[in-house]
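Heavy-atom basis, side chains included; hydrogens, waters and symmetry copies ignored. Letters A, B, ... mirror the listed sequences (proteins, then strands); counts begin at 1.
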Protein chains: 2
Amino acid sequence: MVNLPPTFSPLYRQIKSLMIQALESGEWRPGQAIPSEQELAVRFQVSQGTVRKAIDELAADNLLVRRQGKGTFVASHADPRALFRFLRLTPLSGEIVALKSEPLDCWRAKAGQEAARNLSIELSAPIIIIRRVLKHESKPIVVDEIYLPGEIFGGLNIEMLRDWQGSIYGLFESRFGVRMLHAREKLRAVSADRSVAETLGVAEGAPLLSVERVAYTYGDKPVEWRRGLYSTAEHYYLNELS
Amino acid sequence: MVNLPPTFSPLYRQIKSLMIQALESGEWRPGQAIPSEQELAVRFQVSQGTVRKAIDELAADNLLVRRQGKGTFVASHADPRALFRFLRLTPLSGEIVALKSEPLDCWRAKAGQEAARNLSIELSAPIIIIRRVLKHESKPIVVDEIYLPGEIFGGLNIEMLRDWQGSIYGLFESRFGVRMLHAREKLRAVSADRSVAETLGVAEGAPLLSVERVAYTYGDKPVEWRRGLYSTAEHYYLNELS
DNA sequence: CAGTGGTCTAGACCACCGG
DNA sequence: CGGTGGTCTAGACCACTGT
């Protein structure tokens, strides 16, 4: 007997795919309500229960947000609740506060080996690099570099970053139509070199948390690679294992 | 108008509570199958769909595992798939391999302020402390201390730890009936002090990843507090943001 | 009040597993 | 083949939101 590949796909997953298409194509925009379950059931010619199960999965994937009595909405990085999902830094004592971003630099370059591999693009393809500092009450806590495919983030420049109030993923979403859906982070402990030590106001050789992230959009396509160094003297990185 | 507390609890959540009771009481044991959906529907006098939704949530919470065609099983730390859920260390290059645990010491003590707070027990209540080294191909990677409430882990000793093959949560589950359900980790970067540097075979002052964990059992009751120091020269801590 | 998502039911049928 | 979980449907009713 041969082992056939799992060729079966339930109806609600096919509906889910169609809905992802509608999201990806921009038919339904971040922050807006999608059609009601009834309307979708008619549109896709299935029962409401089947639409429901598709939406359930999309909500679990953080692509949609359900609000009883109001409707189902496209998740948006403009929503402050989405913030902590991607920056899990917490003060040792006190409440969670959004860090203030200060762009230092933003320039064009060609993808090196590492950037090309992480972004799944050609070697020497155009990329954009951002250097930032994140501050908590005017104390620098994080310094990072963000590598973006030039093909997608064409017009990005430092003025845009400076003018933007809110998370950088909110900027990517509203100005470039790029929605970060999930990410994978690799954490290590490293020593501060001289220049980083100066930027963060710590001693040279001080231990820092190194966080390397690849973020993905629809179809698990990588669209951002970043490396950050976190000063964990007065903050920690919180992770829920569940 | 006053804002009444959310007094409404859907039927499937009540069923879920009853099922959690059955799990907590030991009526259904780790690794074993629970009754079929039909049987549960009869037992609880609800429809199969309602039982189904309760099980769905319990499976999402990692308390149960569904296996089509076979049944629904109580999740167990004996299952190797459960391993990576709680130890997210990965070699820089190469496959994920379970680290080998070497207990160094295991002794009784009284809870200090920090232990008491983290374990939600009285100051000076009896606790048990374990010191371990975790090795990858005979190279020490992690050194940690585990703090356990003495009341729950009465007979624990170092011979038990040495004899046990498998994860320590597997031991807790099968010997003490304590099931770790979720945990919260705080990560920071620190410098190796002399004694730790010696144990891990790194230079004094080398950067290490500090991982402090509180693990919880039924009813969000904390039952373990541990602090680990990870050498991240050849490993990283992997985290999925989704 | 109308419209939305949320719950609950009952029944039919399908995919998977093991004997 | 029988038993399990998985899918799909149709309909009734409930809880929440805004007008």
Side-chain angles (χ1 to χ4, degrees), chain A residues 1-19 22-23 28 31-76 79 81, chain B residues 1-19 22-23 28 31-76 79 81:
Chain A
M1 299 284 167
V2 285
N3 240 333
L4 288 175
T7 185
F8 168 72
S9 173
L11 189 49
Y12 74 87
R13 273 195 203 282
Q14 301 173 36
I15 304 301
K16 184 183 177 186
S17 291
L18 294 174
M19 294 182 68
L23 288 166
W28 302 332
Q32 294 183 341
I34 69 170
S36 75
E37 296 180 351
Q38 271 301 344
E39 290 174 284
L40 291 172
V42 171
R43 162 164 168 180
F44 296 126
Q45 292 291 299
V46 298
S47 78
Q48 184 183 354
T50 300
V51 169
R52 198 165 176 71
K53 189 141 191 191
I55 295 180
D56 279 346
E57 286 206 359
L58 290 167
D61 295 344
N62 294 115
L63 293 191
L64 297 178
V65 178
R66 320 190 76 142
R67 290 186 220 163
Q68 178 168 149
K70 298 176 75 173
T72 301
F73 297 77
V74 182
S76 168
D79 185 334
R81 283 170 295 187
Chain B
M1 296 288 168
V2 287
N3 240 333
L4 289 175
T7 184
F8 170 71
S9 175
L11 190 49
Y12 75 87
R13 272 195 202 283
Q14 300 174 37
I15 304 301
K16 185 183 177 188
S17 290
L18 292 174
M19 292 180 68
L23 288 165
W28 302 331
Q32 294 185 341
I34 69 170
S36 75
E37 296 180 352
Q38 271 301 346
E39 291 174 284
L40 292 172
V42 171
R43 162 163 166 182
F44 296 126
Q45 291 291 297
V46 297
S47 78
Q48 185 183 353
T50 300
V51 168
R52 200 166 174 70
K53 190 142 193 192
I55 295 179
D56 279 346
E57 286 207 357
L58 290 167
D61 295 345
N62 294 116
L63 293 192
L64 298 178
V65 178
R66 319 189 77 139
R67 291 187 219 161
Q68 180 168 147
K70 298 177 73 176
T72 301
F73 299 76
V74 182
S76 168
D79 186 333
R81 283 169 298 186

Whole-Å gap separating P (C/dG5) and CD (A/Q68): 10 Å

Output yes when at least one side-chain N/O atom of A/R66 is less than 4.0 Å from OP1 or OP2 of C/dG6, else no. yes

Checking contacts here: which listed nucleotide (C/dG18, D/dG5, C/dC8) is nearest the side-chain heavy atoms of B/T72? D/dG5

Measure the distance from CD on B/Q38 to C1' on C/dA10 and round it to the nearest whole Å. 11 Å

Atom pair distance, as rounded to whole Å: CG in B/L40 and C1' in D/dG5: 12 Å

Listed in order of residue number, which residues of residues 45-59 of chain A have a non-hydrogen atom at under 4.0 Å from DNA chain D? A/V46, A/S47, A/T50, A/K53

Counting N and O atoms only, with roles assigned by atom type, does the side chain of A/Q14 sit under 3.5 Å from a partner on the main chain of A/S9, one being a donor and the other an acceptor? yes

Taking side chain as C-beta onward, heavy atoms only, is A/W28 less than 4.5 Å from A/M19? yes

What pair of heavy atoms forms the shortest contact from A/G31 to A/S76, and how long is it? N-CB, 3.8 Å

Shortest non-hydrogen pair, B/R66 vs B/A59, comes out as CG-CB, 4.1 Å

Integer-rounded Å distance: C/dC14 P and A/Y12 OH: 18 Å

D/dC13 C1' sits how many Å from B/L11 CG, rounded? 14 Å

Comparing A/G69 and B/S36 on DNA chain D - which has the more 5′ nearest nucleotide: B/S36

To the nearest angstrom, the CD-C1' distance between A/E37 and C/dA2 comes to 16 Å

Do B/I55 and B/L40 have side chains that get closer than 4.5 Å, going by heavy atoms? yes

Write down the atom of B/A41, the atom of B/S47, and the distance for their closest heavy-atom approach. CB-C, 4.0 Å

Could you tell me whether B/D56 and A/K53 have a side-chain N and a carboxylate O separated by less than 4.0 Å? no

Expressed in angstrom and rounded to an integer, what is the separation of B/F8 atom CZ from D/dC13 atom P? 16 Å

Just to confirm, is there a sub-4.0 Å distance from OP1 or OP2 of C/dG18 to any side-chain nitrogen or oxygen of B/K70? yes

A/Q14 CD - D/dT7 P separation (whole Å): 12 Å

